[in-house]
Amino acid sequence: MNLGIVKEILLFVLILLAQVLVLNHIHLFGCATPLLYIYMVMRFRRDYPRWVMLLSCFVMGLVLDIFANTPGMATVSLTFMGFIRPYLLMPFLTRDAADDMEPSIATLGMASYVYYTLITVFIYSLVFFTVEAFCFFNWPQWLACVLASTVLTTLLILVVENARKL
């Protein structure tokens with residue numbers, strides 16, 4: 001087995017444990033929940049085949065749903081992110097970007113990576129909390145959860161990305 005694949009699986013297990021054991025119990029102001037596992041989808045190399053990305057996102061969401069007791073919410077949201085991720089990444093790439101490039105601060109630049117992270121996390125939070133609420137009856141609470149979780153998750157991903165490059 002390739003050493004890179006083993007590293008990715010270990011990183012996913014570590015993020016999964018952190019999410020299930022710690023981060024799922026954090027609800028700042030009753031609405032901001034950090035969703036760090038989105039970082040795994042953001043890190044897929046550019047040249048991953050679409051079917052591998054979709055299958056990986058589905059399996060990651062399913063595993064997360066099993067351990068976090070969120071019936072289908074992470075699976076739907078992560079599979080959707082796997083579907084639209086190539087289109088989200090496209091505007092931030094330069095013309096001479098390598099096919100096997102992994103999106104990071106070093107490859108995209110700080111400003112582009114922050115925008116990429118913010119847009120990706122916002123769309124994920126929008127889908128995740130819409131599936132969770134499944135209605136717009138209490139739309140101020142829904143909007144507060146989407147925006148607060150987007151900000152908190154974006155900050156957490158930027159911290160992890162900066163710590164990773166040290």
Side-chain angles (χ1 to χ4, degrees), residues 8 11-12 15-16 18-19 23-24 26-29 31-62 64-65 68 70 72-134 136 139-165:
E8 291 297 317
L11 181 64
F12 174 68
I15 288 176
L16 176 72
Q19 184 70 42
L23 299 176
N24 278 350
I26 297 173
H27 303 291
L28 294 179
F29 309 113
C31 57
T33 303
L35 306 166
L36 182 61
Y37 51 87
I38 303 168
Y39 181 61
M40 292 302 299
V41 177
M42 293 176 55
R43 291 189 61 232
F44 280 135
R45 287 190 337 256
R46 184 177 170 205
D47 64 347
Y48 266 30
R50 287 288 289 246
W51 70 272
V52 173
M53 192 179 313
L54 284 171
L55 187 62
S56 299
C57 288
F58 178 80
V59 169
M60 284 191 294
L62 189 63
L64 190 67
D65 281 336
T70 54
M73 294 180 339
T75 303
V76 168
S77 304
L78 279 177
T79 305
F80 181 72
M81 288 310 302
F83 179 72
I84 67 167
R85 185 200 161 271
Y87 304 112
L88 291 175
L89 184 59
M90 196 84 56
F92 301 106
L93 297 175
T94 60
R95 290 181 192 249
D96 58 342
D99 284 340
D100 63 345
M101 183 218 37
E102 179 183 310
S104 67
I105 291 175
T107 57
L108 293 178
M110 182 58 135
S112 292
Y113 188 77
V114 169
Y115 287 133
Y116 167 64
T117 303
L118 192 63
I119 291 168
T120 304
V121 171
F122 175 73
I123 292 173
Y124 180 83
S125 297
L126 192 69
V127 172
F128 184 82
F129 288 108
T130 301
V131 170
E132 180 188 41
F134 212 65
F136 293 106
W139 68 269
Q141 176 68 26
W142 169 80
L143 187 62
C145 287
V146 168
L147 295 177
S149 294
T150 298
V151 170
L152 186 60
T153 303
T154 300
L155 290 173
L156 189 60
I157 287 174
L158 292 175
V159 166
V160 169
E161 180 65 25
N162 278 322
R164 227 184 106 232
K165 82 177 181 182

Side-chain heavy atoms of Thr150 within contact of Phe129, under 4.5 Å: no
Rounded to the nearest 0.5 Å, what's the gap from OG on Ser149 to CZ on Phe122? Could you check? 11.5 Å
Is there a side-chain contact between Met110 and Asn162, using heavy atoms and a 4.5 Å cut-off? yes
Which value, rounded to the nearest 0.5 Å, describes the distance between Tyr37 atom OH and Met42 atom CE? 14.0 Å
Measuring from atom CG of Leu36 to atom CG of Leu23, what distance do you get when rounded to the nearest 0.5 angstrom? 6.0 Å
Which value, rounded to the nearest 0.5 Å, describes the distance between Leu35 atom CG and Leu156 atom CG? 9.5 Å
Spatial distance of atom OH (Tyr113) from atom CD1 (Ile157) [nearest 0.5 Å]: 6.5 Å
Is it the case that atom CZ in Phe80 sees more than 12 heavy atoms from other parts of the structure closer than 6.0 Å? no
List the atom of Pro103, the atom of Leu108, and the distance in Å for their closest heavy-atom pair. CB-CD1, 4.0 Å
Are the side chains of Ile123 and Ile84 in contact, using a 4.5 Å heavy-atom criterion? yes
Residue pair Leu54 / Gly82: nearest heavy atoms and the distance that separates them: CD2-C, 3.8 Å
On the 0 to 90° scale, with breaks at 30° and 60°, tag the Tyr48-Phe44 ring pair as parallel, tilted or perpendicular. tilted
Rounded to the nearest 0.5 Å, how far apart are CG of Leu11 and CZ of Arg43? 5.0 Å
Nearest atoms (heavy-atom pairs only) where Pro34 meets Thr153: CA-OG1, 3.6 Å
Cys31 and Ala144: which non-hydrogen atoms are nearest, and at how many Å? SG-O, 3.9 Å
Heavy-atom pair of closest approach, residues Leu64 and Ala74: CD2-CB, 3.7 Å
Flag the pair Tyr116 / Arg85 as yes when at least one side-chain heavy-atom distance between them is below 4.5 Å, and no otherwise. yes
Would you say the side chain of Glu161 lies within less than 4.5 Å of the side chain of Tyr39, judging by non-hydrogen atoms? yes
Any side-chain heavy atom of Thr33 within less than 4.5 Å of one from Leu152? no
Quick one: are Met81 and Leu88 in side-chain contact, heavy atoms under 4.5 Å? yes
Minimum heavy-atom distance between Met73 and Val131, given as atom pair plus value: CG-CG1, 3.8 Å
side-chain contact (heavy atoms from CB on, under 4.5 Å) for Glu132 and Trp142? Distances and angles first, verdict last. CA-CA 9 Å; Glu132 180 188 41; Trp142 169 80; over 6 Å; no
Under 4.5 Å between any side-chain heavy atoms of Phe128 and Leu78, yes or no? no
